[in-house]
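A quick write-up on the structure given underneath.
Quick caveat, the model's predicted, so the values are computed rather than measured.
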Number of protein chains: 2
Amino acid sequence: MSAPLPAVSGCTEMLDSETKAAETPEDHAEELRLWLRLLTCTTLVEGEVRGRLRQRFDVTLPRFDLMAQLDKAPDGMTLSDVSKRMMVSNGNVTGLVERLVESGHLDRRTSETDRRVQVIRLTKLGRAEFRRMAAEHETWIADLFADLTPKDVRELMRLLAKTKASAQKSAARRRS
Amino acid sequence: MSAPLPAVSGCTEMLDSETKAAETPEDHAEELRLWLRLLTCTTLVEGEVRGRLRQRFDVTLPRFDLMAQLDKAPDGMTLSDVSKRMMVSNGNVTGLVERLVESGHLDRRTSETDRRVQVIRLTKLGRAEFRRMAAEHETWIADLFADLTPKDVRELMRLLAKTKASAQKSAARRRS
DNA sequence: CCAAATTGTTTTAAGCCTAAAATGTTTCCT
DNA sequence: AGGAAACATTTTAGGCTTAAAACAATTTGG
């Protein structure tokens, strides 16, 4: 539709692209490019945030992310909840929590009504440190996205919501 | 400007938000939400692609990404080039290449004009396997983004380009 | 009631990833 | 020429991440 492709696809000119669409090896180069650009943006921002967190607070991004989840849940969360929210594996959370309990940022206890469940919370220290980091973090993000107008931001939010829904649908389709 | 904030910022009503902008503790909640949504989308798609690559081809995403870089460079690339393109650390590439040479997908040789430099290329096997994977990969991406119209895709490309430029500028600002 | 399925978590094995230090090579400058 | 700076890569130490298997506790359906 727009970008010229390198002379790779060996198909000859389509005479009737409308009616023969189903038989054409479809061109998804645009979607591919979109995915790469999405990934680039995320990698870029994530790398910056990671580096600043390390330099300023000597903390890793996964630890910060975990604390961010807990900050929104004053009554604590189960490990499964955290793992779903963060979209990482269960085993990953186990280790992360271990280290944060060790450093005094988290409190972990077994649920009294279901002894399978571990409930974790921020400690006073953990909450205080997180708030300090979060405040600065917000300014970094603002700076990283500074060239976007409020309209750009709104539009991106809308399109990314649509993207997320599309991807979730596709993922569900595969699982079924 | 748009979303109501929880009663956290203790400042009283602004009478003149235009002229006093510099003194207000600024609200960057929208950018923060945008960042989280961007991250969610990427994580979602990345997770799907990772899982499908493993199931269908028993290959990891980083290996696939590295082969994708090399497929575009028939004359090979240096490790530094690869590391810059992939936006990962040098040491990371060293290990990745090691394993791919081991499995017969990559060929690595020391440059004859500069003995510091290692040039890597896809082997015949590596190229063939990559092409097979890439063809399928493209259909996965198309499916994951299927609900986006061509216009959505164009608009996202534009806005993400702007986002990338903004983030790069911010990162450069910090490094200087 | 009790076996089977389900759920929540941890463990394991392997690989990915980073920052920083170390190593080897080339270039630059006087 | 010869030492300093720059460059490309590897090594190191530590942490992150995953999938799959193992374990423990609860729920479910005969």
Side-chain angles (χ1 to χ4, degrees), chain A residues 39 42-44 46-67 76-103 105-106 108-120 175, chain B residues 39 42-44 46-67 76-103 105-106 108-120 175:
Chain A
L39 188 54
T42 300
T43 305
L44 206 55
E46 194 169 329
E48 272 303 303
V49 170
R50 184 191 308 280
R52 298 190 201 200
L53 279 174
R54 190 182 44 75
Q55 286 198 347
R56 289 276 299 132
F57 301 109
D58 193 32
V59 77
T60 66
L61 183 50
R63 292 212 234 274
F64 177 79
D65 286 343
L66 176 40
M67 293 171 82
M77 297 173 79
T78 70
L79 295 199
S80 292
D81 286 348
V82 171
S83 138
K84 267 171 224 141
R85 288 292 200 96
M86 293 181 72
M87 298 198 284
V88 299
S89 68
N90 282 341
N92 191 352
V93 173
T94 297
L96 222 35
V97 166
E98 218 160 57
R99 289 182 285 269
L100 280 166
V101 168
E102 171 70 22
S103 64
H105 294 86
L106 257 57
R108 159 216 252 158
R109 62 187 61 171
T110 303
S111 160
E112 296 187 4
T113 62
D114 184 340
R115 279 188 325 227
R116 288 170 302 183
V117 173
Q118 302 283 317
V119 178
I120 54 176
R175 278 193 304 274
Chain B
L39 188 55
T42 301
T43 305
L44 206 54
E46 195 171 328
E48 272 304 302
V49 171
R50 183 191 309 280
R52 298 189 201 201
L53 279 175
R54 189 181 44 76
Q55 287 198 346
R56 289 278 299 133
F57 302 109
D58 193 33
V59 76
T60 66
L61 183 51
R63 293 215 234 275
F64 178 79
D65 286 343
L66 176 39
M67 292 171 84
M77 297 173 79
T78 69
L79 296 199
S80 294
D81 286 348
V82 171
S83 139
K84 267 170 222 141
R85 287 293 201 95
M86 293 181 71
M87 301 198 281
V88 300
S89 68
N90 282 342
N92 191 354
V93 174
T94 297
L96 223 34
V97 167
E98 217 160 58
R99 288 181 285 269
L100 280 166
V101 168
E102 171 70 22
S103 63
H105 294 86
L106 257 58
R108 160 215 249 156
R109 62 188 61 172
T110 303
S111 160
E112 297 187 3
T113 62
D114 183 340
R115 281 194 321 232
R116 288 171 302 182
V117 173
Q118 302 283 318
V119 178
I120 54 176
R175 277 193 305 273

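- Applying side-chain contact (heavy atoms from CB on, under 4.5 Å) to B:S83 and the options B:N92, B:N90, B:L96, B:T94 leaves one that passes, B:N90.
- Comparing A:V117 and A:G51 against DNA chain C, the residue whose closest nucleotide sits nearer the 5' end is A:V117.
- To the nearest angstrom, P of D:dA19 lies 12 Å from CG of B:L61.
- Here the CZ atom belonging to B:R175 is positioned 6.5 Å from the CD atom belonging to A:E48, to the nearest 0.5 angstrom.
- Within the nucleic acid shown, A:D114 comes within 4.0 Å of sugar-phosphate atoms alone, with no base atom in reach, counting heavy atoms only.
- Checking B:V93 against A:M86, the closest nucleotide of DNA chain D that is more toward the 5' end is the one next to B:V93.
- Listed here is the closest heavy atom pair of B:L39 and B:T43: O-OG1, 2.7 Å.
- Taking atom CZ of A:R115 as the reference point, atom C1' of D:dC23 lies 14 Å away to the nearest angstrom.
- Of all the heavy atoms in B:Q118 and B:T110, the pair that sits closest is NE2-OG1, 3.3 Å.
- Residue B:T60 places no side-chain N or O under 4.0 Å from the OP1 or OP2 atom of D:dT18.
- Extent of DNA chain C lying under 4.0 Å from chain A heavy atoms, first and last nucleotide in 5' to 3' order, is C:dT7 to C:dA20.
- Following rounding to the nearest Å, B:N92 (CG) and D:dG15 (P) show an atom-to-atom distance of 18 Å.
- Residues forming a side chain to side chain donor-acceptor pair (under 3.5 Å) with A:S89 (at least two apart in sequence, or on another chain): none.
- Spacing between atom CG of A:N90 and atom C1' of D:dC23 amounts to 14 Å, rounded to whole angstrom units.
- Atom CG in A:L100 sits roughly 13 Å away from atom C1' in D:dC16 (whole-Å rounding).
- Residue A:R63 has a polar side-chain atom (N or O) positioned under 4.0 Å from OP1 or OP2 of D:dC16.
- As judged by a 4.0 angstrom heavy-atom cut-off over every strand, B:T94 is placed among the base-contacting residues.
- Put simply, CZ on A:R99 is 14 Å from C1' on D:dA13, counting in whole angstrom units.
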**Item:** Check against side-chain contact (heavy atoms from CB on, under 4.5 Å), A:L79 and A:I120
**Value:** CA-CA 7 Å; A:L79 295 199; A:I120 54 176; 3.7 Å; yes

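- Place A:L96 and A:R116 on DNA chain D by their nearest nucleotides, and A:L96 ends up nearer the 5' end.
- Computed from coordinates, the B:M77 CE to D:dT9 C1' distance equals 15 Å when rounded to whole Å.
- As a whole-Å value, the separation of B:I120 CD1 from D:dA8 P is 15 Å.
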Side chains of residues 55-64 of chain B: which donor-acceptor pairs under 3.5 Å do they make with residues two or more places apart or in other chains?
{"residue": "B:Q55", "atom": "OE1", "partner": "A:R174", "partner atom": "NH1", "Å": "3.4"}
{"residue": "B:R56", "atom": "NE", "partner": "B:E136", "partner atom": "OE2", "Å": "2.4"}
{"residue": "B:R56", "atom": "NH2", "partner": "B:E136", "partner atom": "OE1", "Å": "2.8"}
{"residue": "B:R56", "atom": "NH2", "partner": "B:E136", "partner atom": "OE2", "Å": "3.2"}
{"residue": "B:T60", "atom": "OG1", "partner": "B:R63", "partner atom": "N", "Å": "3.3"}

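- The residue among A:G47 and A:L79 whose nearest nucleotide of DNA chain C lies closer to the 5′ end is A:L79.
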